[in-house]
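Just follow the structure's listing: the first ligand is 1, and inside any ligand the first atom is 1.
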Amino acid sequence: MKTAIVGTGYVGLVSGTCFAELGHEVICVDNNEEKVKILREGGIPIYEPGLKELVEKNVKAGRLSFSTDIKKALEKSEVIFVAVNTPPLPDGSADLCYVEAVSREIAQNLPGYRVVVSKSTVPVETGKWIKKTIDRYAPEGAEYDVASNPEFLREGKAVDDFLNPDRVVIGVESQRAKEKMLELYEPLKEKTEILVTNIESAELIKHASNSFLAMKISYINAIANICERTEADVQEVARGMGLDERIGNHFLQAGAGFGGSCFPKDLSAFIDIAAKLGYDFNLLREVEKINTDQKKHIVEKCKNTLWNLKGKKIAVLGLAFKPDTDDMRNAPAIDIINDLLKEGASIKACDPQAAANAKKILPDSVEYCADAYETAQGCDLLLIVTDWEEYRNMDLGRIKKALNDPPSIVDGRNIFDPEDMKKRGFHYTGVGR
Ligand code: NAD
Ligand code: UGA
């Protein structure tokens, strides 16, 4: 099927490439000319494992192309996805101006029946606004349907998540749109459940799912705080909880809290839309608060180790909001490093992929190093913020030698075993253990 994706960011590029991999003909559109130029020249503007090879393969096969021209893409496509960013406004609500702008542009260039699908994460009832916008700007008699198809991929695992999803959710309001959408996802129908709902339910499924996952993380971080006041170990508690199939063992990893471009913004947007609909979603406010407190708690752990941070050198391992991405949006490392700097510490830091993006966000005083060993050299404390595989596998003997005595580690992701670290001669502090 011929398809266009407007917005070629993390979601647009991965979705477009994977739809091409499933055999469709896809045009990825973006108004960022520099981004489109990079893609046309064979570059990839983001770090996402496996994506580069898949883009190359599908471009070569003639199924995937890149453009800045919505009009031309619309002419050639039956289904048009809106995958633009929906960032938070200062009051926490979702900024839908990019969704509105693209809806308007689509309306003004509708060449015949098209399905306009929101893949961006949007508050419930945004579909109605997209429809109103298209009605307002489209030529009279223009034929189209609006649909919602929220995306559930995770950064770092995006390609696999898209091609092997737990479910596909499609929100439609007509049989015609339903058929088009089912045709598009036909190649996945053997391996996953395709849930067809109305548009509002589909929109709500996305906010409800992300908020639930964020709630699980804050819940286990709250439990970790209780564990720290007792002899309990949060890793064991999480395992014991997770063995109950009704709870499940995913997203119960206590640590430095959640970050990223989605959980924080989707929580606040969900709280906002709930309030506008007359419901006070206090539960989610608490989820946010626990997450904010958790980052402060990591700084407290550094203080509890070194007492006074003024003049101390801290080695920070990991800057990205999670491993296998270069994405720094709302990364816990940002708040933690800023707080450590405020306390008078100096920071050496490294990240396998995110250092270039981190430089644009963090204060200039942060010193960037090539790897964990160079970062640890001459530091009073090593702080693990992102659980990259290479930190799990690092040579702890070398780290011990590189650190000042006594060698101290605050493990903000519980990647090491406390007993083992003690045996190796570290002053070690994890989370909730
Ligand atoms: P992003 O910022 O990486 O990409 C958005 C792209 O849209 C940018 O390249 C931007 O230039 C482009 N754009 C903005 N306005 C445009 C316009 N008028 N015309 C053409 N292009 C335009 O964002 P993202 O991370 O891909 O997220 C997109 C949406 O998907 C958000 O709503 C997000 O919540 C949702 N989402 C993201 C993820 C994720 O892992 N990043 C996962 C699921 C859902
Ligand atoms: C999340 C969801 O998992 C995706 O399903 C969703 O599509 C996406 O948001 C989105 O809407 O953008 P993502 O933000 O890429 O995906 O990454 P996650 O793996 O969910 O991790 C988010 C944050 O939670 C990271 O900072 C991670 O370190 C933290 N986390 C995760 C924990 O602290 N503990 C856990 O047990 C799991």
Side-chain angles (χ1 to χ4, degrees), residues 4-16 28-36 38-39 45-46 48 66-70 73 81-88 94-106 118-123 126 149-158 161-162 165-167 206-207 209-214 216-221 224 234 238 242 248-267 269 291 294-295 318 320-325 327-333 385-388 412-414 431:
I5 315 257
V6 185
T8 308
Y10 279 87
V11 164
L13 182 57
V14 172
S15 308
C28 284
V29 181
D30 207 286
N31 63 357
N32 180 333
E33 289 178 9
E34 181 58 25
K35 198 176 260 192
V36 173
I38 292 173
L39 286 160
I46 52 169
E48 184 62 45
F66 304 98
S67 171
T68 51
D69 192 336
I70 290 194
F81 285 91
V82 181
V84 295
N85 37 331
T86 48
D95 185 351
L96 297 173
C97 73
Y98 306 107
V99 174
E100 198 257 352
V102 173
S103 308
R104 195 169 358 113
E105 217 176 325
I106 290 173
S118 168
K119 209 172 221 335
S120 296
T121 301
V122 292
T126 298
N149 173 220
E151 182 48 57
F152 300 99
L153 62 79
R154 288 162 295 176
E155 290 181 24
K157 296 192 168 67
D161 278 352
F162 193 95
D166 286 345
R167 79 298 209 187
K206 177 62 193 178
H207 264 169
S209 300
N210 269 10
S211 300
F212 191 84
L213 290 171
K216 269 187 109 173
I217 300 168
S218 278
Y219 187 84
I220 201 65
N221 282 333
V234 74
N249 58 7
H250 299 288
F251 278 66
L252 288 179
Q253 183 61 50
F258 58 77
S261 67
C262 293
F263 284 172
K265 90 167 164 59
D266 292 347
L267 274 174
N291 198 52
Q294 194 64 10
K295 290 178 272 185
F321 83 98
K322 62 182 276 189
D324 293 323
T325 181
D327 198 341
M328 280 298 296
R329 291 180 284 183
N330 288 305
V385 180
T386 315
D387 42 342
W388 283 91
R413 294 292 172 185
N414 283 348
V431 177

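Ranking protein heavy atoms by distance to atom 14 (O) of ligand 2, first place goes to Phe321 CE1, 3.4 Å. For atom 1 (C) of ligand 2, the closest non-hydrogen atom on the protein side is Phe263 CE2, 3.5 Å. Of the protein's heavy atoms, Glu155 N, 2.8 Å lies nearest to atom 15 (O) of ligand 2. The single protein non-hydrogen atom nearest to atom 7 (O) of ligand 1 is Gly7 CA, 3.4 Å, given as residue, atom name and distance. Protein heavy atom in closest approach to atom 12 (O) of ligand 2: Cys262 SG, 2.3 Å. For atom 32 (O) of ligand 1, the nearest protein heavy atom (residue, atom name, distance) is Thr86 OG1, 2.6 Å. Here the heavy atom of the protein found nearest to atom 31 (C) of ligand 2 is Ile217 CD1, 3.5 Å. Atom 3 (O) of ligand 2 has Arg154 CG, 3.2 Å as its closest protein atom, hydrogens excluded (heavy atom only).
Taking distance alone, with nitrogen or oxygen atoms compared against 3.5 Å, Phe152 approaches ligand 2 more closely than that limit. Looking at Asn31 next to ligand 1, an N or O pair under 3.5 Å apart turns up. Note: no N/O pair closer than 3.5 Å links Tyr98 and ligand 1 by distance alone. Ligand 1 has a nitrogen or oxygen under 3.5 angstrom from a nitrogen or oxygen of Arg329. On a distance-only criterion, Lys206 and ligand 2 share at least one N/O pair closer than 3.5 Å. Not a single N or O atom of Pro332, backbone or side chain, sits closer than 3.5 Å to an N or O atom of ligand 2. Considering backbone and side-chain atoms alike, Leu213 places every N or O at 3.5 Å or more from each N or O of ligand 2. In terms of polar-atom proximity, defined here as any N/O pair under 3.5 Å, Val11 does make such a contact with ligand 1. Here's the thing with Asp266: none of its N/O atoms is less than 3.5 angstrom from an N/O atom of ligand 1. Considering backbone and side-chain N/O of Glu151, none are found under 3.5 Å from N/O of ligand 1. Checking only distances, Lys322 does come within under 3.5 Å of ligand 2, N or O to N or O.
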Note to self: For a side-chain contact (heavy atoms from CB on, under 4.5 Å) check, start with the C-alpha distance between Glu155 and Arg329, then their side-chain angles and the critical distance, and finish with the verdict.
What the structure shows: CA-CA 12 Å; Glu155 290 181 24; Arg329 291 180 284 183; 3.7 Å; yes
Checklist line | Pair Asn330-Phe263, side-chain contact (heavy atoms from CB on, under 4.5 Å): steps then yes or no | finding: CA-CA 9 Å; Asn330 288 305; Phe263 284 172; over 6 Å; no
Check: Run the side-chain hydrogen bond (donor to acceptor under 3.5 Å, both in side chains) check on Arg167 and Ser209 step by step: do they pass?
Finding: CA-CA 12 Å; Arg167 79 298 209 187; Ser209 300; 3.2 Å; yes
Checklist line | Steps toward side-chain contact (heavy atoms from CB on, under 4.5 Å) verdict (Gln294, Val431) | finding: CA-CA 10 Å; Gln294 194 64 10; Val431 177; 3.6 Å; yes
Next item on the list: Could you walk me through whether Arg154 and Glu48 pass the salt bridge (Lys or Arg N to Asp or Glu O under 4.0 Å) test, one step at a time?
Entry: CA-CA 10 Å; Arg154 288 162 295 176; Glu48 184 62 45; over 6 Å; no
Next item on the list: Give the C-alpha distance, both sets of side-chain angles, the deciding distance and a yes or no for side-chain contact (heavy atoms from CB on, under 4.5 Å) between Asn31 and Val36.
Entry: CA-CA 8 Å; Asn31 63 357; Val36 173; over 6 Å; no
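Between Phe152 and Lys206 there is a side-chain heavy-atom pair separated by less than 4.5 Å. Inter-residue side-chain proximity for Leu39 and Asp30 is flagged as unmet; no heavy-atom pair is nearer than 4.5 Å. Two residues are said to be in side-chain contact when any heavy atoms from C-beta on lie closer than 4.5 Å; Phe81 and Val102 fail this criterion. For the pair Lys157/Leu153, no side-chain contact is recorded, criterion being any heavy-atom separation below 4.5 Å from C-beta on. Under the 4.5 Å side-chain criterion, counting only non-hydrogen atoms from C-beta, Pro123 is in contact with His207. Side-chain contact between Tyr10 and Thr325 is present, with heavy atoms from C-beta onward closer than 4.5 Å.
Contact annotation: for Leu153 versus ligand 2, heavy atoms closer than 4.0 Å belong to the backbone alone. Within the 4.0 Å heavy-atom criterion, the part of Leu252 lying near ligand 2 is the backbone and not the side chain. Only the side chain of Cys262 comes within contact range of ligand 1, with a heavy atom under 4.0 Å; no backbone atom does. Residue contacts with ligand 1 for Ala158 are absent, since no atom lies close enough (heavy atoms, distance under 4.0 Å). Neither the backbone nor the side chain of Glu33 has a heavy atom within less than 4.0 Å of ligand 1.
Residue-ligand proximity, Glu155 to ligand 1, at heavy-atom distances under 4.0 Å covers atoms 39 (C), 40 (O), 41 (N). The contact set between ligand 1 and Gly9, taken as ligand atoms under 4.0 Å from a residue heavy atom, comprises 1 (P), 3 (O), 4 (O), 6 (C), 9 (O), 26 (O). Those atoms of ligand 2 that come under 4.0 Å of a heavy atom in Arg413, given as number and element, are 28 (O), 33 (O). The ligand atoms of ligand 1 that sit less than 4.0 angstrom from a heavy atom of Lys265 are 33 (C), 34 (O). Those atoms of ligand 1 that come under 4.0 Å of a heavy atom in Val102, given as number and element, are 17 (C), 18 (N), 19 (N). Applying the 4.0 Å criterion to heavy atoms of Phe258 picks out, from ligand 2, the atoms 23 (C), 24 (O), 26 (O), 29 (C). Atoms of ligand 1 lying under 4.0 Å from at least one heavy atom of Val84, given by number and element, are 7 (O), 13 (N), 14 (C), 15 (N), 16 (C), 22 (C), 28 (C), 29 (C), 31 (C), 32 (O). The distance from ligand 1 to the heavy atoms of Lys35 drops below 4.0 Å at these ligand atoms: 8 (C), 9 (O). Near Glu151, with a cut-off below 4.0 Å to any heavy atom, the atoms of ligand 2 are 7 (O). Heavy-atom contacts of Ser261 reach the following atoms of ligand 1: 41 (N) (cutoff under 4.0 Å). Near Thr121, meaning under 4.0 Å from any of its heavy atoms, are these atoms of ligand 1: 31 (C), 32 (O), 33 (C), 34 (O), 35 (C), 36 (N), 44 (C).
Applying the 6.0 Å contact sphere to OH of Tyr98 captures no more than 12 heavy atoms from other residues, nucleotides or ligands.
The heavy atom nearest to atom 5 (C) of ligand 1, considering only Thr8, Val99, Asn85, is found in Asn85. Compare Asn210, Leu153, Val36, Ile106 by their heavy atoms: the one nearest to atom 42 (C) of ligand 1 is in Leu153. Between Lys265, His207, Gln253, it is Gln253 that holds the heavy atom closest to atom 35 (C) of ligand 2. Between Val82, Asn32, Asp30, it is Asp30 that holds the heavy atom closest to atom 11 (O) of ligand 1. Taking all heavy atoms of Tyr10, Phe263, Phe152, Phe162 into account, the minimum distance to atom 24 (P) of ligand 1 is reached by Tyr10.
Ligand 1 lies within reach of Lys206, whose nearest heavy atom is under 4.0 Å from it. The closest approach between a heavy atom of Gly255 and any atom of ligand 2 is not below 4.0 Å.
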